[in-house]
Every structure is written in C-alpha cells, then in structure tokens.
Amino acid sequence: MLIMTNQHKAFLLWMFLHFVMTTLFAQTADNTRAEYLYEKEHPLRETRAVWLTTIGGLDWPRIQATDASSRERQKQELTRILDQYQRANINTVIFQTRVRAALLYPSKIEPWELSLTGVAGKDPGYDPLAFCIDECHKRGMELHAWVVCIPIGTKDRQAKYGAASLTRKRPELVKTAKGGEMFMIPGKPETADYIASICKEIVENYDVDGISLDYIRYPESIYNFSDENLYPRASSQSKADWKRENITRIVRRVHDVVKPIKPWVKLSSSPIGKYRDTSRYSAGGWNGYNAVWQDPILWLKEDWQDLLFPMMYFTGNNYYPFLFQWAEMANGHPICPGLGIYFLDPREGRWTLNEVRAEMHTARNSGIGGIAFYRGEFLTNNTKGIYDTTCEEFFPYPALTARMTWMGDTLAPSAPTYIKYESGTLHWQPSFIPQTTLSTYILYNVYGSNTYPVDVTKAENLLAAKVRDTHWQLNARAQKVRHYAVTAIDRLGNESRAVQEEKPAIELPKRIQVPQLINRDLKGVSKASDKKSKKDKKNKKR
C-alpha cells in the first residue's frame, strides 16, 4: 500500500500544474498573449506588492531635491508612480526606507540617504517617508517600510557621511569584508538591538502599515565574511544553529519592540526564494537555511513575522517545487512570492511574459496569499506588456489584504450607519470607535453593483478599499453601478457587516427591458381605448 506524504502530494500537484502551465503558455511571440483553459475567480483578499527601490534612485527619485522647485518635482515623480500602481490595483508598496545605514526620514539614529539630494546626509527639505505614507493611504494602499538590515555599503560610501556614519558612531557593530563592503555583525546581540531601534523609531513616528526586513541574513560566501570568532566554544549549539539564531534574534527583537506599540503593523521579510532543498529538487547550494542561515518558517510558526515576500527570481524547476514548499509550510500566514520581472528586460535576462504569467497563475491557484514584483520600474514601464497584463488579466478589481487571524483578535468592528448618495459622492455615518482607539484604526470599504443588496463577498463589487474618510467621491467605474454598500474594516483586516444604500422605491428597468415595457404599455392603452369606444357606442344606442 502506497502512503503519500504531504510532500509527495505537493510534488504531484506541482508536476500536474507545471505540465498544464508550460503547455498552456507556450510562447509563440514575446508580445502574444496565449489563451488559457480556465480562469480562477479573482480573490477578494490578496496581497499585491511592489518593491519601490530608492538606492541610487533605481525606481525613485530620479530628480534630486536641491531647491524648492526640484523638491516639488521629486514629489510629483513619486505621485505619478503611485498613480500607476493604483491603476494596476496594487495594494502594498514596499518603500525602501533604510538603504545602507541611511534613511529617508529625519532620524535621531542615522543620517539622510544621499539619493534624495545627491549629498550624503543632506536634508531634502521635506519628509519623504511621511509624504509617501500619505499618498499611499489616499489611494487605499498600504505602505511597508523596507529596512535593509546587514549590509551598509562600501567603506567609501560610509566615509561620505562623516561623523554621522554608523562606522563612526558604532564601529564595534561593523566589519569590513572583501572588496571594501561593510556589514553589521549578526553575532553581536547589540546588532539586533540597533536594527530594532530603527524599526521602533519608524513605528512610533509614522502611520506605517508594515516593517519589511531585507537582507536579514549572513553575507554571501563571495565576501569572505565571518564572525565565527564570537562563537562560544562551550556552546551546545552547532555553528550553523548559532548563526541561524543570530539572524532569528534580530527578527525576534524587532517583533518584541514593534508589536507592543502597534500590533497591527505587519512584520515581514524577503528571504532567499528557496527555503531548503526538497526531497527531489536541489536548491543548487543557494537556499536560505543552509547558505545564509535564515529560518523564516520558524519565524512564521512563532508569529514573529506576519507574512513573507521570498525572492523567487527563478523559472521552471527552480520556481515551482519551491513555491509549493512555501505553501505547504506557511503555518496559516500569507506568503507572497517575489517575481523577478526585471528579467523581462533584455538587458537583465531572457524571460518571456508568458513565463511570468504562468508563475502568477500558479501562485494564485495555490492559495499562497499573493505576489510581489521586483522591481517597480519594470512594472510601470510595461516591460514586455507586464503592466497591461497585470491590469487587465490579474488585477482588474481592487483587493483587500489578508486578515491577521494569528494575532488572536478576530472581532469585527461595528458597521457604519446611514449611507447616502449625493452629487457624485457617497456619504456614511462612521462605525462606533471607542475613545481609547486611534481613529486611523478603523477604515472603510466601498462596494457597488447593479443588484440589490450588494454582495460584499465578490471581488468585482469592491470599488474602493481602506477609505479613511466617511465620504468617497465616485470614480468612473462606480458611476456605472446603481447600488452601494459600505463596510468598516480594522487594521487587522476584520471587516464588519455591510450597510446597504436604501433600495429605491421604484426600480428602474434594465435597458434590455425598456422596449418590452413600452410595447406592453402601448398594448394596454390600446385595449383600454377599445373598451372605452365599445362602451360609448353601447350608451349611444340606448
């Protein structure tokens, strides 16, 4: 008798889907959209993320803020990018906030990032993090502050920051490796405290929706980095376990300082795309667990992290088996595979659009939780049609992010009351908010359809997510529907019942019914006239 383990089942499922996808999406030309046999319903909840990279102005800023005029143009450049994300129904922006021991907000810990002005440590004249948060929230998108943890750049880069540099202020936490690259030392407990202090500063001072830890791992072997001199000789741990604990200590420390302040802030990271070798497929020596000493599955199991964005910048056998490995080990948390869409650019790689489409379809149908794009420029530039595909095929409607059930608070807020449409704007009375609760904790979702009551379980009926006011101006799509509903949603993703717009006393007929109704009414008039005429003739005879 053959006994199938979960891993065997996952492998067989992968084999089937891999066959279907590679057959279905056979590429005939780079710009040709292949047909597919089935279409899964668009999910109401799905994380759709983009990494917005600021190092070197890769995605933003391309304009340096050197005076009032260029500062405004820098802001406009960012809002144009966010507008494009909104049109693609992206709901999560991972905004690079700590770059290489330098920041995109005024900090008491580290200096200003040089990409903002072209000068290391120079104030751009405004707060880019606060600005980006506000602009994301206006568009119903979450902002996750992307914090690069271990690398701090080259020795020459750090020298530009002078006395404000981490290498001058905390030299005991830094080590120079091959090529002059500098790294924080994972083996020192103070490193965890330092990184956690930055995350705490962000959460205390900004209304971020998440903290996303990047490069939360040991440096690659090419740098010849080692902190094994700190390994305690009398330790009962192996060196491998000791290194994994050094990385885990940072994750745990960030959790311990952030969650007591704002428990709804989502903690995530971007681990290596292959967790460990599977029983049938090798990671080729490049996995998180044994190559750079990460254990993100443990982080999810212990709820130290809320979700993951693994860097799955691979295709074929390097993608599908490891996608299902992540899905099998998610412990009830969303895992959003990061897709390396930069490989669509001929200067970067030879990926076809259909390879990315196949990966997106497989991720969605696995129920893993969402996807993320690396990086923003290749999406907004519509490289090989990826932006059009995202808008039209995958994300034609908005979506809510995952409900954080693992936090233990699953109580939905009270519903808003009294919804009314007036002069192109929908108004409603707010949900009851206790005085002890932050007003920004309760947000609103707007739904609409031509059927009453509006079904708020269908993705196609979601018109706007996470509205922060008690009114919303109808967009072009919303103006095409006849009935509206509003729900309240808290920052943990718990959603209230819907308050429905009062149904009109007289239902307007559908367009297709109008000629039929006119004909019916005319026939009715004709019959009534005939009866009246016969009655008049009869009366005259009398």
CA sep, side-chain torsions, deciding dist, call: D209, K266, salt bridge (charged side-chain N to carboxylate O under 4.0 Å, His left out)
CA-CA 6 Å; D209 301 280; K266 296 173 183 174; over 6 Å; no

Please answer whether the main-chain N or O of A399 pairs with a side-chain N or O of N91 as donor and acceptor at a distance below 3.5 Å.
yes

Could you check if a side-chain atom of V456 sits within less than 4.5 angstrom of a side-chain atom of N445, using non-hydrogen atoms only?
no

Would E181 and R157 count as a salt bridge (charged side-chain N to carboxylate O under 4.0 Å, His left out) if you check the C-alpha gap in whole Å, the side-chain angles of each, and the deciding distance to 0.1 Å?
CA-CA 9 Å; E181 291 289 336; R157 178 186 175 95; over 6 Å; no

Salt bridge check, E228 against K239: does any charged N sit closer than 4.0 Å to a carboxylate O?
yes

D303 and H255 side chains, donor-acceptor separation under 3.5 Å:
no

Exceeds 12 heavy-atom contacts within 6.0 angstrom, atom NZ of K301
no

D388 side chain to I386 main-chain N or O, any donor-acceptor pair under 3.5 Å?
no

Electrostatic pair D83-R139, nearest N-O below 4.0 angstrom:
yes

Is the side chain of Q294 donor-acceptor paired with the backbone N or O of P271 at a distance under 3.5 Å, no angle test?
no

Any carboxylate oxygen within less than 4.0 angstrom of a Lys/Arg side-chain nitrogen, looking at D409 and R491?
no

Could you tell me whether the side chain of S496 and the main chain of A488 form a donor-acceptor pair under 3.5 Å?
yes

Got a second to check how far Q325's CD is from I335's CD1, nearest 0.5 Å?
9.5 Å

Between R276 and N290, is there a donor-acceptor pair closer than 3.5 Å when you use the side chain of the first and the backbone of the second?
no

Are W286 and V292 close enough that some pair of their side-chain heavy atoms sits under 4.5 Å apart?
yes

Do the ring planes of W60 and F95 sit parallel (below 30°), tilted (30 to 60°) or perpendicular (above 60°)?
tilted

Does the side chain of E377 come within less than 4.5 Å of L58's, by heavy atoms?
no

Is a side-chain donor or acceptor of R403 paired with a backbone partner of N494 at a separation under 3.5 angstrom?
no

For S212 and S268, test the side chains for any donor-to-acceptor distance below 3.5 angstrom and give the result as yes or no.
yes

Might you work through the salt bridge (charged side-chain N to carboxylate O under 4.0 Å, His left out) test for E77 and R80, ending with a clear yes or no?
CA-CA 5 Å; E77 180 190 9; R80 284 194 297 269; 6.0 Å; no

Closest heavy-atom pair, T380 versus Q84, reported as atoms and distance to 0.1 Å, is O-NE2, 3.2 Å

Working for salt bridge (charged side-chain N to carboxylate O under 4.0 Å, His left out), residues R244 and D295:
CA-CA 7 Å; R244 276 188 285 271; D295 194 358; 5.5 Å; no

Would you verify whether the NZ or CZ of R252 falls within 45 degrees of the ring axis of W304 while also being under 6.0 Å from that six-membered ring's centre?
yes

Answer yes if the side chains of Y105 and E201 hold a donor-acceptor pair under 3.5 Å, and no otherwise.
yes

Over all atoms of both residues, closest heavy-atom pair of A283 and D277
N-OD1, 2.8 Å

Does the Lys NZ or Arg CZ of R87 fall within the cation-pi geometry relative to Y85 - under 6.0 Å from the ring centre and within 45° of the axis?
no

Neighbour count >12 (heavy atoms, 6.0 Å) for atom NZ, K466:
yes

Would a distance-only check, ignoring hydrogens and angles, find a side-chain to backbone donor-acceptor pair under 3.5 Å from H333 to L307?
no

Taking all non-hydrogen atoms of both residues into account, name the closest pair between W293 and A240 and its distance.
CZ3-CB, 3.4 Å

Parallel under 30°, tilted from 30 to 60°, perpendicular over 60°: which one fits the rings of Y397 and H42?
perpendicular

Would you say K262's side chain and V203's backbone share a donor-acceptor pair under 3.5 angstrom?
yes

For T487 and E495, test the side chains for any donor-to-acceptor distance below 3.5 angstrom and give the result as yes or no.
yes

Which one of Y342, F378, F322, F343 satisfies the ring-ring contact (aromatic ring centres under 6.0 Å, His included) criterion with Y313?
Y342

Salt-bridge present (D134, R468; N to O < 4.0 Å):
no

Taking the side chain as every heavy atom from C-beta outward, state whether I81 and T79 have any atom pair closer than 4.5 Å.
no

Heavy-atom closest pair (G340 atom, W351 atom, distance to 0.1 Å) is O-CZ3, 3.3 Å

Enclosure of R350 CZ (heavy-atom neighbours >12, cutoff 6.0 Å):
no

Hey, what's the ring geometry for W326 with Y275, parallel, tilted or perpendicular (30° and 60° as the breaks)?
tilted

Within 6.0 Å of NZ in K458, more than 12 heavy atoms from elsewhere
no

If you define the side chain from C-beta out and look only at heavy atoms, does anything of T383 sit under 4.5 Å from I341?
no

In the structure I gave you, are the side-chain heavy atoms of Y319 and P337 within less than 4.5 Å of one another anywhere?
yes

Polar side-chain atom of E113 near backbone of V99 as donor-acceptor pair, under 3.5 Å
no

Using atom types as modelled and distance alone, determine if a side-chain donor or acceptor of T54 lies under 3.5 Å from a backbone N or O of Q96.
yes

